[in-house]
Amino acid sequence: MELLTTGASLFLSPLTVFLTAAGCFLGLMIGVLPGLGPLMGIILLLPVAFHLEPVAGMGLLIAVYVGGSCGGAISAILLRIPGTPLAAATLLDGYPMARNGRAQDAIGIAISASAIGGLIGGAVLIFFSPFLAEFALSFAPPEYFAMTLLGLMAIVVVARESAVKGFITGAFGLLLATIGTDDFTNAYRFTFGTHNLYNGFHIVAIVVGLFGISEVIYQIRGGSFLTKPDIPPVRAPFRALGIVSRHVPNLVRSSLLGSTFGALPGAGGVISAFTAYAIAKARPKRGEVYGEGAEGGVVATESANNACCGGALIPTLSLGIPGDGSTAVLMAALFLLGFFPGPELFEYNADVAGGIFLAYMSSNLFLLVLGVVLTPVFVSVLRLRKAFLIPAVMLLSTVGVFAIQSAVFDLWVMFGFGIVGYFLRRADYPLAPIVMGAILGPICEANFRRSLLISDDGMWIFLQRPISATILAVVALLAAVIVFRAVRRSVDPERAPVV
Amino acid sequence: MSDTRPPDWIEIGVALALLVPPIVVVQQSRTSLAEQDVASGDAMTNAALYPQIVAALLGVLALWHLGSVLLATLRGLPAGKSRDDAANAPAWMPVASVVGLAGYLLALPVLGYHITTPAFIFAILMMFGVRLVQAAAFALALSLATAFVFEVLLNVVLPVGIFGIALPV
Amino acid sequence: MRKPLTILAAAAVSTFAVAQSAMAEFPERNIEDIYPWGPGATMGVSQIIADAMGDELGVNVSVVSTPGAAGTKAFKTAMERPADGYTLFDGYVAPLVLQPLLGKADWTYKDFVPLWSGTSNAFAIVVRADEDRFDDFEGFVKYAQENPGKMRYTTGGTGNLPHMVLAKVMQTSNIVAKPVPYPEMQDGVKDLRGGVLDFLTSNPGFYKTNKDHLKVIAVLSELDAASEVYDGAPRVMDFGVDLGMSGLAPMGWNWWLVKKGTPEDVVEKLRTAMGAAVNDPEVKEKILNVGFVPLGYSPDQYDEIVAPVAEQLQSGIDAIAWEKEQLDALK
């Protein structure tokens, strides 16, 4: 608490508060653009932050981080293009909601749930940081490996499509992640002699292709380019908060999950969003069908997603170990502003630490306000006739993907995955497991091999350690349930004729 | 509905196509990775082990799925749930758009963003039946607005092409 | 409807105007610095230089992260661009000198036109702060000799620069330990603190953020400045171990470059701007704060500085081969 009072003196300057609000707005906008997410937002604004006072600069960047993490959901809901890979989970129910004419509610829920999740994540950050940091340190390679398997299981469980197809696309995603330079041997793996593949396919190019470009093709097939879209009237702005208030247990559970997983450097984001979704799906409210526009689905994924931001700041600030790319750059920014994250920051620069924390909390508040005010603007995108919307989406996807590393090759990756995604959708394969596999793949492989390197008994290491053995037991249990269901279906084809 | 149904070619084609990645992984492990001497040994030196495990998993699942689809087709079981593939546009349109996008990506590095983009957007709009003047205006406006956001506000260098065209900074 | 059309027309005209002035004075658009690693503190350092240089030139210099294949992807990407000065190589030692030595790249450092040197960062062997099996370099060597192949360490990737330097030190001291790759170095730091690893080669950034939890055993450089970054920790030579590498050779460093064939006047402009940037006291101070050391070598010193590095690194490559033999023998 003392932290907060000392921090307040630094944070409560008009400039800092303004920059935090502005950062939140910019982050939201950058997150909405397909391809650009919180990481790109932070990188793009880094030069600006250098010229500011530490807390003002960090406030700006953290607000971009918070806004960007939520902005991705908006394009996922409206256009079926996850602005960030993490929003692939929000799409599962958010897009069907928009198709049912509830775009405004879906966005409202996404933003409110994000903001509240973020605030809960912040509370966890301030009260449990040391505890969670110790917990994170007890996660060694075998535990990380087990976690990635759990994450992949979670996504197969949530898929509306068949489990076999979920496993297939998940494995496909894992394989995609093996392309590039192998970090252990420095060998070129599946690169076919082109340097463009030295670092594999860029995840954002894969995601925008799979979801965005395939959706464009679907939309073009659908025709009726010039008809005026039928848009439901704009509703009272704070309605979404009311809807979210009906999902309090889900909201709290997902936020806690998000901040706990977020505290584990590296694997947090996707796993928490999909796990929160899986749990929410297992306990639906009456009348809710997950995958067809359930409010609970959006609440779960978005609150977990943004609570995870607070979670990811835990190892960054308390251990000096960034949780993901975005926090790595945030940490670099702190460096460049002359402060070093880690326990020392809390001890010697409590005012800065407190200021950063306040900036994080207020970013989430600004997010709520801005989101509510801007939702009608976002929804108005749907007023555009398809003839204009489709080329705009194509262009923004292209330029957004190009902007990541100025590479035309990434555009071809996006193009290729657009076609792959189109046919996979036509054949009813879930696409989200590919994203999950591609993100978790490197973590899965590196920790699998690392575990074997540090093990004295080969594969037994995974079962000798209590945490990893427990997680693997859960994975095995889930797998058994899935197999049992699949077998029952194939025995009794009337239930679901096609496997 | 329940007596016969035509083979689901997309379903079968996709299942067959999914067998390609495992085959590539095995083939590459035997050739490229073996030549680099990273296809054997322990976890440190064997870069082929993990991809082959995943590839085996993918291969088995894809084969199993392919088998069940073929079996269902032979037995003439009814198709699963209907898909949301309402196709009201002429069949050539999606194909033309994909080809057009490929053409745009090919021309982009050569001619630069500011020449290819308005042309591409304009072509798409005309295909959708937008009136000429409206299409031209929208194509130019969209192209410039996007360039303004990315080039000027976000400092991204969009392809300049052989003529070196960019918005003034 | 009239206003948007006017704006449109004006914009169209201005685009055309730019096309007309394509031959005008350099630089007339933003410049990109192709940076070979993922985002993080080191990228921030390049960003500081890029910003200062951009201020001199009056355009934006953006740092584009293009990781892959120990930095060679970035080099190949930049090489595909025209030699017009709008693409800079962030010439880190790995893709510039090391990868060609390893036969993984078909260029040498002589194939580029140098601007100014950037920064250097020295590596240090660090252990947990509460390590009780040994408390200095000598104890560390003794313990490692008694337990050959038992201790686990990471230098980030395998066969990278810190791995070479460390392997060289271990070869000289006749110790063998097991390398475990951590391409994301922060995971390695986490696992060192979590007890999975016994030691690692840290860079100044990781040291500064984890100061309270790490202990420096020895700094892998003979320079006093390097020791200062690690709060005056002893260097390996202070324990009588000859590193066999001097100057920049055992350190990470970068030298900004452009492609051969870039017009003279463009190179001159870039050199002037970068010279002003890296010699600006404010820029220097910012870089020092992060634990990196500004180098300040001018373009003329390129050959003189880089040539010996290339020669000396060969001994590090041999040391890794030696380590592999020893590890195989222990199996």
With only heavy atoms counted, which part of C/Glu184 is less than 4.5 Å from chain A, the side chain, the backbone, both or neither?
neither
Region of A/Pro442 in contact with chain C, defined by heavy-atom distances below 4.5 Å:
neither
Answer with side chain, backbone, both or neither: which region of A/Ala140 has an atom nearer than 4.5 Å to a non-hydrogen atom of chain C?
both
Checking C/Ser65 against chain A: side chain, backbone, both or neither under 4.5 Å from a heavy atom?
backbone
Pairwise side-chain contact, C/Ser62 with A/Ile43, heavy-atom cut-off 4.5 Å (strictly under):
no
Report the C-alpha separation of A/His195 and C/Phe75 in whole Å, then their side-chain angles, then the decisive distance to 0.1 Å, and conclude whether the side chain to side chain contact (heavy atoms under 4.5 Å, CB included) test is met.
CA-CA 10 Å; A/His195 70 84; C/Phe75 264 51; over 6 Å; no
In this structure, CG of A/Asn196 is separated from CD of C/Glu80 (nearest 0.5 Å) by 6.0 Å
Can you tell me how far apart CG (A/Asn186) and CG (C/Leu102) are? Round to the nearest 0.5 Å.
8.0 Å
Where C/Pro183 and A/Arg450 come nearest, the two heavy atoms and their spacing:
CD-NH2, 3.5 Å
A quick test of your reading: do over 12 heavy atoms of other residues, nucleotides or ligands sit less than 6.0 Å from CD of A/Gln464?
yes
If you count heavy-atom pairs under 4.5 Å between each of C/Gly38, C/Pro67, C/Gly157, C/Ala70 and chain A, which one has the most?
C/Pro67
Output for pair (C/Asp191 CG, A/Tyr144 OH), nearest 0.5 Å, gives 8.0 Å
Could you grab the distance from atom NZ of C/Lys76 to atom OG1 of A/Thr194, nearest 0.5 Å is fine?
8.5 Å
Under the rule for salt bridge (charged side-chain N to carboxylate O under 4.0 Å, His left out), what residues qualify as partners of C/Glu131, not counting sequence neighbours?
C/Arg128, C/Arg133
Which bit of C/Met43 is near chain A, if near means a heavy-atom gap under 4.5 Å: side chain, backbone, both or neither?
side chain
Please round to the nearest 0.5 Å and tell me the distance separating atom CD1 of A/Ile404 and atom OG1 of C/Thr66.
11.0 Å
Looking at every non-hydrogen atom in both residues, tell me the closest pair between C/Thr158 and A/Thr185 and how far apart they are.
OG1-N, 4.2 Å
With no hydrogens and no angle check, is any side-chain donor or acceptor of A/Thr181 less than 3.5 Å from a backbone partner on C/Gly68?
no
Mind listing the closest non-hydrogen atom pair of C/Lys178 and A/Leu453 along with its distance?
NZ-O, 2.8 Å
With only heavy atoms counted, which part of A/Ala187 is less than 4.5 Å from chain C, the side chain, the backbone, both or neither?
backbone
Report which part of A/Ser406 has an atom under 4.5 Å of a heavy atom belonging to chain C: side chain, backbone, both, or neither.
both
A/Tyr188 six-ring centre to C/Lys104 NZ/CZ under 6.0 Å and within 45° of normal
yes
